[in-house]
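Contents: one structure, followed by commentary.
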Amino acid sequence: MNQVKNISNGLPFLKMHGLGNDFVIIDARGAESPVSQSMARAIGERHFGVGYDQLAVLTDSDDADVDVAFWNSDGSMANACGNASRCVARIIMDETGDSEIVLRTGNGLLPAVDAGNGLISVNMGQPQLTWDTVPLSKDVDLNALPIDGEPGAAGMGNPHCVFVVDDAEGVNLETRGPAIEHHPLFPERTNVEFIEIIDRRTIRMRVWERGGMITLACGSGACAAAVVAHRKGLTERNVTIHLDGGALQIDWRDDGVWMTGPTALVFQGHLSPEFLAGI
Ligand SMILES: N[C@H](CCC[C@H](N)C(=O)O)C(=O)O
């Protein structure tokens with residue numbers, strides 16, 4: 001699928017999702033990434049482009065099976081995207097026949113394992129748990145931020161603000177999400193998760209993602225939610241998280257936060273030369 005040396009003939013892509021968190025995946029291995037901020041935005045347009053929650057761009061890596069860069073549809077970049085990491089791992093495993101591979105991301109090297117039954121496990125790394133690494137703009141208690149509702153914070157290569165609520169279904173994501181995404185306590189903005197504790201091994205979660213959108217699932221957000229819930233003494237380290245798009249298994253082990261879930265290939269597409277010329 002690697003035809004990005006000369007995009008005058010257009011550009012192939014894969015459309016995939018993990019629990020409805022949907023992705024355009026461009027394979028730029030063997031070349032430089034052709035993606036600019038304006039191109040990411042144009043492809044992300046649901047009406048004038050393809051539309052995605054995140055764009056993942058694959059390039060060659062000298063210390064992993066593949067290097068992956070993540071773009072949000074607003075043109076911002078993210079160092080982590082759990083659901084897309086699972087989808088990329090599936091692509092590489094299908095190519096190589098390997099059941100264990102390594103992704104190079106902005107959050108470092110992420111081991112991935114074929115967990116069987118169509119599931120992929122990715123070690124999303126250890127959480128960032130100091131104010132300056134989440135990052136926050138000042139030194140505060142990460143288990144109870146000075147924000148109404150005393151949310152917790154954790155980084156998973158990207159920032160997360162996690163609220164514990166009595167009723168996740170009742171949260172107005174459209175209003176509460178952006179208010180927290182742009183809160184001054186988060187100098188790089190933040191993803192915003194609302195979690196309802198079902199029991200010590202089960203969480204219901206809904207999410208407003210940095211980059212300005214409600215998504216049906218957020219892999220790094222589920223990892224951060226599991227970390228925050230455990231640090232608040234509410235859950236075990238291994239939990240099932242039920243998102244709008246389905247369930248992820250999150251296990252915070254000694255070597256990192258492992259996330260397990262499904263992937264799906266929806267279609268292969270081709271960005272037309274006309275579309276690319278118009279960016
Ligand atoms: N919007 C996120 C990136 C994607 C996270 C989510 N889709 C995931 O599966 O982890 C951010 O700007 O940090």
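Predicted model, so just to flag it, every value in this text is computed and none were measured. Each ligand, and each atom within it, is numbered from 1 in the order the structure gives.
- A 6.0 Å sphere centred on CG of Asp167 holds more than 12 heavy atoms belonging to other residues, nucleotides or ligands.
- With hydrogens and angles disregarded, a donor-acceptor distance shorter than 3.5 Å links the side chain of Asn191 to the backbone of Pro159.
- Screening Asn83, Asn21, Thr215 for a side-chain hydrogen bond (donor to acceptor under 3.5 Å, both in side chains) involving Asp53 leaves a single residue, Asn21.
- Using cut-offs of 30° and 60° for the angle between ring planes, the Phe194 and Phe163 rings count as parallel.
- Around ligand 1, the residues contributing at least one heavy atom under 4.0 Å from the ligand are Asn21, Gln54, Asn72, Ala78, Ala80, Cys81, Gly82, Asn83, Asn158, Asn191, Glu209, Arg210, Cys218, Gly219, Ser220.
- Ion pair Asp22/Arg46 flagged as a salt bridge, since at least one NZ, NE, NH1 or NH2 atom sits closer than 4.0 Å to an Asp/Glu carboxylate oxygen.
- Across all their heavy atoms, Pro262 and Leu119 have their closest contact at N-CD2, 3.6 Å.
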